[in-house]
Amino acid sequence: MQGQRNKKDRKLEVRLGRLRLKNPVMTASGTAGYGAELAEFFDLSELGAIVLKGISLTPWQGNPTPRITETRCGMINSIGLQNVGLEVFLREKLPFVRQWDVPVIANILGTSAAEYTRLASALEDAGVEGIELNVSCPNVKEGGIAFGLDLKSFRALVRAVRKRIRRPVLIVKLSPGAPGIEEFSRAAENEGADAISLINTIPAMAIDVNTRRPLIKNRIGGLSGPAIKPIAVRMVYQASRAVKIPVIGMGGITTGEDAVEFMLAGATAVAVGTATFMDPMAALKVAGGIRAWMERHGIKSASAITGAMLA
Amino acid sequence: MQGQRNKKDRKLEVRLGRLRLKNPVMTASGTAGYGAELAEFFDLSELGAIVLKGISLTPWQGNPTPRITETRCGMINSIGLQNVGLEVFLREKLPFVRQWDVPVIANILGTSAAEYTRLASALEDAGVEGIELNVSCPNVKEGGIAFGLDLKSFRALVRAVRKRIRRPVLIVKLSPGAPGIEEFSRAAENEGADAISLINTIPAMAIDVNTRRPLIKNRIGGLSGPAIKPIAVRMVYQASRAVKIPVIGMGGITTGEDAVEFMLAGATAVAVGTATFMDPMAALKVAGGIRAWMERHGIKSASAITGAMLA
Amino acid sequence: MFGVRSCERDPLLKRPFCYFRKRGDEIDILYRVVGKMTSIMKGLRPGDKVEILGPLGNIYPMEEAECGAKIPLVIAGGVGIASVYPLLERLKGKGILFYGGRNKKEILLRKELREISKKMVVATDDGSLGFRGTAVEAAGDFLKGRDREGFVLYACGPNGMLKAASGLGVNGYIASEEKMACGIGVCLGCAVRTKDGYKRACKDGPVFRTGEILFD
Amino acid sequence: MFGVRSCERDPLLKRPFCYFRKRGDEIDILYRVVGKMTSIMKGLRPGDKVEILGPLGNIYPMEEAECGAKIPLVIAGGVGIASVYPLLERLKGKGILFYGGRNKKEILLRKELREISKKMVVATDDGSLGFRGTAVEAAGDFLKGRDREGFVLYACGPNGMLKAASGLGVNGYIASEEKMACGIGVCLGCAVRTKDGYKRACKDGPVFRTGEILFD
Ligand SMILES: Cc1cc2nc3c(=O)[nH]c(=O)nc-3n(C[C@H](O)[C@H](O)[C@H](O)COP(=O)(O)OP(=O)(O)OC[C@H]3O[C@@H](n4cnc5c(N)ncnc54)[C@H](O)[C@@H]3O)c2cc1C
Ligand SMILES: Cc1cc2nc3c(=O)[nH]c(=O)nc-3n(C[C@H](O)[C@H](O)[C@H](O)COP(=O)(O)OP(=O)(O)OC[C@H]3O[C@@H](n4cnc5c(N)ncnc54)[C@H](O)[C@@H]3O)c2cc1C
Ligand SMILES: Cc1cc2nc3c(=O)[nH]c(=O)nc-3n(C[C@H](O)[C@H](O)[C@H](O)COP(=O)(O)O)c2cc1C
Ligand SMILES: Cc1cc2nc3c(=O)[nH]c(=O)nc-3n(C[C@H](O)[C@H](O)[C@H](O)COP(=O)(O)O)c2cc1C
Ligand code: FES
Ligand code: FES
């Protein structure tokens, strides 16, 4: 049984730089907390990797409510990076998720390059397997997305963090609003990123026409879910043709077939976000769906799907 | 009856520069042909304005099929600006739509500023009430969107067309990919546009995981429909706060309440696109829905909705 | 509380509902039709399927009331009644209920509620049934001259009502109706501002101690 | 042809179908369940509502066949049979039908079709019923040694089949199955490449003259 499962698992294995994932499916940052809640639903070691909620140097309060609203085939959120801060994270949160045999990827956000590098160093010391630079959160005013939209400071940031860390894989999460997704992808690659991930949520707004008030207190939030999938697939396609490093695709994945679609477009791995809100088991079901698709199509290795779209 | 209707209509009246619209609802370019087909379904003079399919100087073949595919709450198209060209348009298409008492707005696309100005001049001479510069079509390789993404050539284009035409209102249709929607909006205003319209479709892609082939022959097409509405509302909100000229909002409008949402966000008028494919009468129903909403909320004039979102 | 989702693909997210009645494998939901999901629920026919995830979150603590140390003062607004109904049942006739709605039509299950409550006061905004005013005002009238220390509060309803109920000076519990996305504590969408920073209505709540939530 | 749309909000777009049978206010649709809309249609129960827009597009011209000048040679692949069924009825037993499918299970309504056709040849890819091969191959065999001028072609099926049928050398009509968005001629999504440039399958078709369409 165990043997058979391992064999099956190797079929699904993919690599992000030096990091091996049992399967191509990870959680999307901000949709799996720090792991504890999902662990009530399934064995976290069934995931390719777990990407944690974004963390900053000091605790952040986040935005006022309402923070979420559903839209047609999607949702808008403006959580505003509410998080416990680095110290509490290292003391109280990280040890818990370390109990599982799953690569842990920390998602970090700062208001200056110095904050990013301090976060990255501390997390490397704490032994995380990967660090994802969030330079694309539309929900915080300072920092973050500013790096994602300006090529010069983007380059400088990736370079600074790259210099500081050795062991963890460095993933750069691009902004869907980046002017020229190919250019930003290549810049990340040139500055030493091990992988890029996309897309983050797209700035969006909804108004209740009965009350005439914005449905998100902060007015503008980020759109995620199936509605944005075709935009995300297109950006993954463009990014993956621009670089040689692996691309992690996300945006509206709810089924194994959605994941395969991203992989055919060029993704090496995928992340499941909003779907976890629909069903806590979503990420596992996506992994199972990829396996089923591979069996139907007689494909022996998940990595063979990457970029295998026909003309 | 007629008197009553006129009175009602005045309530719905809005203005785009010198142009009065009976109501805020127009067709979105490329979703109403040149008017003939919709005229089989309703009296075109019930529209605020009719915006025609984009035209170029010479006939364009358009892209190979499949050109359309449905996605979750949206669709992707890559028609590729198939059109009869200016000459046939003036001879065979324009006279037909002129039969109705409705402002006609021509949507134009060229590969150089010179092409745009020639088109605009010819259409002014032919007596159209408005000219919409399409600098945001994601489906043609040359021209068009190039102007929509580069601020310098964008400015030069708007200025050149503005110099050439006097009578028709000049509308500039912005690209949702413009780096900095506020900047492009202000640039259009400063160069003399009478109004801006947004959003055009968003570049997107979908792959059939069974055949592994792209569902659009050209691979990338433009996403429209309800899926993009929250992105469009946000951009209309941002654009309308950046400029004083009227904003025409579009992207996923299917009901009167959707239209009201755009108007609360800052739109003076709206356009109905993909919804017409769902129901040929959609634009009329949207106008009726705006009227019903105004009655429910005791609002006497459609123009009072513009920007009236509460805090 | 638990989450209900349509097996159709729209709406995407689960919607939170209270266990109104539960017997064996069957769950009753008392709900008001307000939007997409509740309209779908209204149209369901026997054999149709929905997805349910639960139980989620906490429930009203009942020690002080059950041991008789305090008299349970229950305030419900609108469909908040679905939340306090099972509480009243478990309190076995000890609860004093103040139940408010906009008008007579909104006041449901009067007979059943009377049977499971020690005393029931109905309040309607338009006075079409019982006290004219809000349930909190009716409870305030009742408390006049009484020792608030002798009561334990249980309140469920819209935010404005909860805020007013917190102002009654009776310690106890209030259930938040914050909007939810995940229902399991991972999205931080259902944040409730408390003395100790934001908490999650779905996981740390929906029931909070009076005084814990900061209303603006 | 006409368009069917779910009253639910997903899928958005209408789907094109043929009038299979029409009597008074009732329309029968013969359809294969392949995706979203057809799955919804399968789940419909009496009283459920769908939106229908039609009639749309043109129909098979029948002059040469009806006046007896030519013998109608009808080729249908898969659900293409829904399109030629009413044609065969109106041809009152004059039509020679070549009907192809992947296997026996895909061949529907054999009895009825036999009754309304002068002659019927069934072809299956796997040979599980009738001729082993395609309907076009069967028609090609039949035509051997016959004067093609004496026939008028009517063909409906997937693009590959239409291309093959066009190659038979029999003039007539073929019905395109291009994907559609609007169904009324405004979106230019259903473009068919013809000798005279792109035409719209929904408005200028779905029936085109043989030789008119350029297959790649
Ligand atoms: C812990 C908890 C328990 C609940 N228990 C019940 C119950 O037992 N019975 C019951 O009828 N309702 C209950 N509700 C409210 C119920 O969840 C909403 O009525 C439901 O989500 C509406 O879904 P919809 O798709 O029909 O409406 P939507 O289409 O989502 O929205 C329609 C309108 O309702 C408003 N709305 C949506 N969700 C909420 C919400 N959570 N709170 C306030 N307004 C909202 C929207 O702003 C909008 O104006 C509970 C809510 C919470 C948080
Ligand atoms: C003029 C015309 C008449 C038709 N008449 C009939 C009929 O009478 N009976 C019948 O069963 N079908 C008919 N069809 C085909 C029918 O329209 C499709 O089967 C239907 O649109 C599928 O909808 P869906 O939502 O179930 O599938 P989707 O979820 O939209 O797609 C499922 C699969 O079907 C494919 N598909 C979708 N639409 C088409 C299409 N138009 N052509 C080919 N493949 C498609 C998709 O690529 C996908 O692989 C006709 C098509 C045309 C153009
Ligand atoms: C509630 C919520 C919170 C999020 N928080 C973060 C975050 O902290 N850091 C980050 O990089 N992305 C964050 N994201 C973005 C997701 O990781 C993901 O990029 C996006 O939601 C698209 O994927 P999806 O459509 O599958 O949700 C968040 C998304 C949601 C919906
Ligand atoms: C099939 C199709 C063709 C279009 N053609 C044009 C065009 O020729 N010129 C243009 O400016 N916009 C064109 N558009 C964009 C629409 O005018 C509109 O901006 C967009 O579809 C968003 O609105 P909607 O979601 O209501 O469709 C086209 C859109 C579609 C779906
Ligand atoms: S609803 Fe997601 S944390 Fe509460
Ligand atoms: S389907 Fe729109 S033109 Fe034919």
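Naming: A, B, ... by sequence-line order, numbering from 1 per chain.
- Here the OG1-CG distance, from A/T71 to C/L13, works out to 9.0 Å after rounding to the nearest 0.5 Å.
- Considering every non-hydrogen atom in both A/P226 and C/L12, the closest pair reads CD-CD1, 3.7 Å.
- In this structure, the separation between CD1 on A/I68 and NZ on C/K179 is 7.5 Å, given to the nearest 0.5 Å.
- Looking at A/T254, there are no atoms closer than 4.5 Å to chain C (heavy atoms on both sides), in backbone or side chain.
- Note: A/M75 CE to C/C187 SG = 6.0 Å, rounded to the nearest 0.5 Å.
- Pairing each heavy atom of A/T31 with each of C/V186, the nearest pair is O-CG2, 3.4 Å.
- The local environment of CZ in C/R102 is sparse, with at most 12 non-hydrogen atoms from other residues, nucleotides or ligands closer than 6.0 Å.
- For the pair C/I184/A/E40, no side-chain contact is recorded, criterion being any heavy-atom separation below 4.5 Å from C-beta on.
- Between C/E178 and A/R67 there is no salt bridge, since no side-chain nitrogen of the basic residue lies less than 4.0 Å from a carboxylate oxygen of the acidic one.
- Put simply, CG on A/N63 and CG on C/L188 are 11.5 Å apart, with the number rounded to the nearest 0.5 Å.
- Both the backbone and the side chain of A/P64 come within less than 4.5 Å of a heavy atom of chain C.
- Residue A/E87 places its CD atom among 12 or fewer non-hydrogen atoms of other residues, nucleotides or ligands, all under 6.0 Å distant.
- What you find for C/K14 and A/M278 is that their closest heavy atoms are NZ-O, 3.4 Å.
- Using a 4.5 Å heavy-atom cutoff, the side chains of A/E70 and C/M37 are not in contact.
- Looking at A/F41, the atoms closer than 4.5 Å to chain C (heavy atoms on both sides) all sit in the side chain, from C-beta outward.
- Taking both residues in full, the closest heavy atoms of A/Q82 and C/A191 are given as OE1-CB, 4.2 Å, listed atom of the first, atom of the second, then distance.
- Of the inter-residue distances, the one linking C/C190 atom SG with A/I79 atom CD1 reads 8.5 Å to the nearest 0.5 angstrom.
- Closest non-hydrogen pair, A/G62 versus C/Y198, comes out as O-CE1, 4.1 Å.
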